[in-house]
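Read through the structure below, which is laid out as structure tokens, and then see the notes.
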Protein chains: 2
Amino acid sequence: MVQQVAAPVDRVVGPVAGLRQRKKQRTRCQLLEAAQKLFLRQGYARTTVDEITAAVDVSQRTFFRYFANKEQVALALMEDGADDFVDYLRARPSHENPLQALRAATRETWESRDISEPGASPATAALEIFQLIECTPTLLAAYLHRLAEQQQLIAEVLAEREGVDPAVDLRPRVLAAVFSAVGRTAQHEWAAGVAGRGVDVEDLVQVLDRHFDQLGPALTADWR
Amino acid sequence: MVQQVAAPVDRVVGPVAGLRQRKKQRTRCQLLEAAQKLFLRQGYARTTVDEITAAVDVSQRTFFRYFANKEQVALALMEDGADDFVDYLRARPSHENPLQALRAATRETWESRDISEPGASPATAALEIFQLIECTPTLLAAYLHRLAEQQQLIAEVLAEREGVDPAVDLRPRVLAAVFSAVGRTAQHEWAAGVAGRGVDVEDLVQVLDRHFDQLGPALTADWR
DNA sequence: TCACAATATGTCAGCTACTGACACTTGGCA
DNA sequence: TGCCAAGTGTCAGTAGCTGACATATTGTGA
């Protein structure tokens, strides 16, 4: 099975970039939208690739040229934020310590998404996808895997930022691991808690903060 | 797809427990062994379920009654340790603080495995499987998913141990997340580092300790 | 000890994800 | 205009996984 990267799709291509490129991006976009709609309406497992391709009127083979597998479509819907995050992290002022920078970059990522999102409710889409992932074992597994890769990248950025050698110094990797784990725990809680009431990015940011604030106390000698 | 638990196989059944039970355990065991051999010899992806069942001479359908999917066979080879861990954690003296207890339980888990293992090299088998998982994306994803479940359990045990309400107090979940993440990072490093030289459990325990020791420094204000 | 119930297993038919090979079309460019 | 490269469709096939149903095999109460 061994996953392999599907066509890179020449990420973030400028306004005009040849008809060919534009067509490609459009197809990809259509596939994403169709998939999202179907997944959210009838669930991930009950949606076949054939249904998605039928909605866009392309062959199944084409689908698999854009996405390595069915999971990747679902994940792609979340992924825009992940790339931004690393950029934000790199851009944090150097006087911030690693954990501060990570926390700030997280906040920036979510807040920027809140504004830029075009649809009616801002982060609602992200949340819906997130919940879909959370309650679909296969998808969750793939998502966790993606996070692990992301984590590696974060460690590298941290090492570079602080000017330490990532081959020797364990701190970048350890912190990246801790950060990812706590961040995910927070997201998990948030997604579970939102349930009925409306989706609010400010809400998520607060939940994240509360979790990170517990990092010290949790590691502390005595809980009682 | 939605994973579902295959037959529970009535875990750790006593010496004699009816012919039926024994037969079942034997079949399961044979499947595990055949799978392990094939996976290690020719890789996970290049091993088909049919090959495994052929080696044991049962039908494919039977295979899927024992394991929800192909991944689960591979994971099952690691999993014995995971169950032990929780038992060890529960048994740690209550004067230890949470992190101490977690670290001690980890050490116990690995050291016990070192002795009890029957084969020639003790933890060699575990390592080989671990490396197999590590370099097979599909498997790694499933493994991470399993870890996440395990993490939840750990959080519950911690909350109980410390007498805090897991619904309100974030510390158990946060610590469980941190612990899992750092533990995995350590395992990852270890598996990567062992490569040529022989496998040694003492080695792994040391790597784990070094990583946990970096937890404080990594979260510390200034790295420079 | 002999049924009968419960449980394992096998068989078969079928769905769906995914892939390689090859032919065809279309956009980019000299 | 005409060629090359890149994108797409078609087809045939493999592999994971499932439901339904028939068949054995084991446990058990009369």
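To find a chain, count down the sequence lines: A is the first, B the second, and so on, and within it residues start at 1.
As rounded to whole Å, 14 Å separates atom P of C/dT9 from atom CZ of B/F63. Rounded to an integer number of Å, the gap from B/R46 CZ to D/dT14 P is 18 Å. If you measure from atom OH of B/Y44 to atom P of D/dA15, you get 14 Å, rounded to the nearest angstrom. As rounded to whole Å, 12 Å separates atom P of D/dC17 from atom CG of B/D50. A straight line from CZ of A/F64 to P of C/dG20 spans 12 Å, rounded to a whole angstrom.
Nearest-nucleotide positions on DNA chain D place A/R61 closer to the 5' end than the other of A/R61 and B/T47.
OP1 and OP2 of C/dT16 both lie 4.0 Å or more from every side-chain N or O belonging to A/T48. When the side-chain nitrogen and oxygen atoms of A/K24 are compared with OP1 and OP2 of D/dA6, none of them lie within a distance under 4.0 Å. Side-chain nitrogen and oxygen atoms of B/Y66 include at least one within less than 4.0 Å of the OP1 or OP2 phosphate oxygen of C/dT9.
Applying the salt bridge (Lys or Arg N to Asp or Glu O under 4.0 Å) rule to B/E156 yields no partners; only residues at least two apart in sequence or on another chain are considered. Every ring pair (Phe, Tyr, Trp, His ring centres under 6.0 Å) that A/F85 has, sequence neighbours left out, goes to A/F179.
Of all nucleotides listed (C/dC18, D/dC17, C/dT9), C/dT9 comes nearest to the side chain of B/T62.
One cannot find a donor-acceptor pair under 3.5 Å joining the base of C/dG27 and the side-chain atoms of A/R22.
Using a 4.0 Å cut-off between a side-chain N of Lys or Arg and a carboxylate O of Asp or Glu, B/E189 and B/R210 do not qualify as a salt bridge. In this structure, A/R146 pairs ionically with A/E79, as a charged nitrogen and a carboxylate oxygen lie closer than 4.0 Å.
Side-chain N/O atoms of B/T106 and B/T109 include no donor and acceptor closer than 3.5 Å. Under 3.5 Å, the side chains of A/T53 and A/Q60 contain no donor-acceptor pair of N or O atoms. Using a 3.5 Å distance cut-off with no hydrogens or angles, the side chains of B/E134 and B/H188 do pair a donor with an acceptor.
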Strictly under 4.0 angstrom, non-hydrogen atoms only: write out the protein contact profile of nucleotides 21-30 of chain D, one letter per nucleotide from the 5' end, B, S or -.
----BBS---
